[in-house]
Amino acid sequence: AAPAAAAARAAAAGALDAFTANIPEGFLATGKMDDVQAAMDAGVLLIDVREESEFAAGHLPGAINIPLRTVAQNLDKIPTDQPVLVYCASGLRAGTALAALRTLGFENVKAFPGGFKAWSGESREVSTDAVEAATFEPLAVDAELLAQVDGFLSNIPEGFNSAGDVEKLQAAMDAGAVLIDVREESEFAEGAITGAVNIPIRTLMQNLDQVPTDQPVIVYCASGHRAAMAGAVLHMAGYANVRVFAAGYGAWAAAQEEAG
């Protein structure tokens with residue numbers, strides 16, 4: 001199994017580097033609610049990657065449900081020739097799914113990081129109707145790469161690799177966790193969590209030598225979207241010791257100010 005695992009990791013490394021190095025401006029996020037509505041009006045396929053029970057309780061109108069852990073097993077439900085927008089409750093799972101799908105070669109996928117919480121929080125239309133997913137000719141994907149991605153997604157633990165809130169982050173730092181800030185250098189220069197290492201997400205795969213394998217690692221960005229993608233990339237590259245501080249630097253800075 002060892003040579004096969006090494007081959008799968010090598011196949012993944014090239015794809016992960018190609019994905020991260022070429023992330024466009026905006027980081028593949030459709031952030032504004034009106035932009036999400038406009039995309040829906042224009043025929044985007046919405047994929048809700050929350051659990052079936054969450055989806056059943058309410059979702060964006062017209063969305064199909066593919067729970068995060070099953071995404072790589074349902075590629076035939078994801079078209080390649082129309083825009084696709086993935087979302088979850090508040091961004092962590094959507095960023096994870098986005099990184100996985102982009103790594104597999106779906107160049108038409110973006111994420112709505114605000115997720116169902118942001119959408120329903122604005123009292124926008126919510127549906128409880130089950131939506132039957134159409135099937136498409138599945139994208140041809142390298143088998144070793146697919147195995148690596150599916151191995152990661154299908155085994156995501158409860159909590160989806162979240163590092164929790166500010167208090168939990170502080171406790172992890174006190175216990176020796178290594179923090180990686182995946183924002184741009186200019187953002188990092190304006191303020192960062194003390195002790196964090198700056199590796200902008202587009203350079204992540206070229207700087208794996210800065211990511212330890214033998215102690216806990218926590219990635220963060222401004223508000224969680226880039227960190228969710230970075231956490232997924234590192235896991236797919238074989239780093240099982242990585243978690244995501246999804247609240248981001250904004251939440252950390254606000255908590256420090258409050259603490260005075």
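Just so you know, residue 1 is the first one in the sequence shown, and it goes up from there.
Scored by the salt bridge (charged side-chain N to carboxylate O under 4.0 Å, His left out) test, Glu187 finds Arg226 as partners (sequence neighbours excluded). Partners of Glu51 under the salt bridge (charged side-chain N to carboxylate O under 4.0 Å, His left out) rule, at least two apart in sequence or in another chain, are Arg69. The salt bridge (charged side-chain N to carboxylate O under 4.0 Å, His left out) test applied to Glu144 returns no partner, not counting sequence neighbours. Every ring-ring contact (aromatic ring centres under 6.0 Å, His included) that Phe55 has, sequence neighbours left out, goes to His59. Looking at residues two or more places apart in sequence or on another chain, you find no ring-ring contact (aromatic ring centres under 6.0 Å, His included) involving Phe19. For Leu45, the side chain to side chain contact (heavy atoms under 4.5 Å, CB included) criterion is met by Ile47, Ile64, Pro79, Gln82, Val84, not counting sequence neighbours.
At a threshold of 4.5 Å between side-chain heavy atoms, the hydrophobic network of Ile, Leu, Val, Met, Phe, Trp and Tyr places Leu98 and Leu16 in one connected group. By the rule that hydrophobic residues join a cluster once side-chain heavy atoms approach within less than 4.5 Å of another member, Val219 and Ile23 end up as members of one cluster. At a threshold of 4.5 Å between side-chain heavy atoms, the hydrophobic network of Ile, Leu, Val, Met, Phe, Trp and Tyr places Trp252 and Ile199 in two separate groups. Linking ILVMFWY side-chain heavy atoms closer than 4.5 Å, directly or via other members, places Val178 and Leu204 in a single hydrophobic cluster. Linking ILVMFWY residues whenever their side-chain heavy atoms come closer than 4.5 Å, directly or via other members, leaves Ile193 and Val211 in distinct clusters.
For Val86 against Ala94, the heavy-atom pair with the smallest separation is CG2-O, 3.6 Å. What you find for Gly231 and Val242 is that their closest heavy atoms are CA-CG1, 4.1 Å. Across all non-hydrogen atoms, the minimal contact from Cys221 to Ala227 is SG-N, 3.3 Å. Closest of all the heavy-atom pairs between Ala57 and Thr128 is O-CG2, 3.9 Å. Closest approach of Pro212 to Val217, counting heavy atoms only: O-CG2, 3.6 Å. The two residues Gly95 and Ala228 come nearest to each other via the heavy atoms CA-CB, 3.8 Å.
The stretch residues 30-41 participates, sequence neighbours left out, in these side chain to side chain donor-acceptor pair (under 3.5 Å) pairs: Asp34-Arg124, Gln37-Asp41. Under the ring pair (Phe, Tyr, Trp, His ring centres under 6.0 Å) criterion, the residue pairs touching residues 225-247 are Phe152-His235, with sequence neighbours excluded. Among residues at least two apart or in separate chains, side chain to side chain donor-acceptor pair (under 3.5 Å) pairs with a member in residues 208-224 are Asp181-Tyr220, Asn207-Gln210. Legend: ring pair (Phe, Tyr, Trp, His ring centres under 6.0 Å) pairs involving residues 130-149, not counting sequence neighbours: none detected. Screening residues 100-128 for ring pair (Phe, Tyr, Trp, His ring centres under 6.0 Å) gives no qualifying pairs among residues at least two apart or on separate chains.
Although no hydrogens or angles enter the test, the distance criterion places no donor-acceptor pair under 3.5 Å between the side chain of Asn65 and the main chain of Val49. Panel note: side chain Tyr87, backbone Leu60; a donor-acceptor pair is recorded below 3.5 Å. Judged purely by atom type and a 3.5 angstrom limit, Asn198 uses its side chain to pair as donor or acceptor with the backbone of Arg183. Between the Asn155 side chain and the Gly151 main chain, a donor and an acceptor come within less than 3.5 Å of each other. Listed for the Thr70 side chain is a donor-acceptor partner under 3.5 Å among the backbone atoms of Pro67.
Interatomic distance, Leu234 CG to Arg243 CZ, rounded to the nearest 0.5 Å: 14.0 Å. Atom CD1 in Ile218 sits 6.0 Å away from atom CG in Leu179 (nearest 0.5 Å). Here Leu75 contributes atom CG and Glu137 contributes atom CD; the two are 12.0 Å apart, rounded to the nearest 0.5 Å. From Ile78, atom CD1 reaches atom OG1 of Thr80 across 10.5 Å, with rounding to the nearest 0.5 Å. Interatomic distance, Asp142 CG to Leu104 CG, rounded to the nearest 0.5 Å: 9.5 Å. Here the CD-CE distance, from Glu122 to Met33, works out to 4.0 Å after rounding to the nearest 0.5 Å.
Side-chain atoms of Ile156 and Leu68, non-hydrogen and from C-beta on, do get closer than 4.5 Å to each other. No side-chain heavy atom of Val233 sits under 4.5 Å from any side-chain heavy atom of Ile201. Looking only at side-chain heavy atoms (C-beta outward), Ser162 and Leu92 come within less than 4.5 Å of each other.
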Going by atom type alone, with no hydrogens or angles, which donor-acceptor pairs under 3.5 Å involve a side-chain atom of residues 166-174 and a protein atom two or more places apart or on another chain?
residue: Gln170; atom: NE2; partner: Asp174; partner atom: OD1; Å: 2.9

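Side chain to side chain, Asp150 and Gln73 meet the donor-acceptor criterion of an N or O pair below 3.5 Å.
Applying side-chain contact (heavy atoms from CB on, under 4.5 Å) to Thr20 and the options Arg202, Met205, Met229 leaves one that passes, Met205.
Salt bridge annotation for Arg93-Glu54: present, with a cationic side-chain nitrogen under 4.0 angstrom from a carboxylate oxygen.
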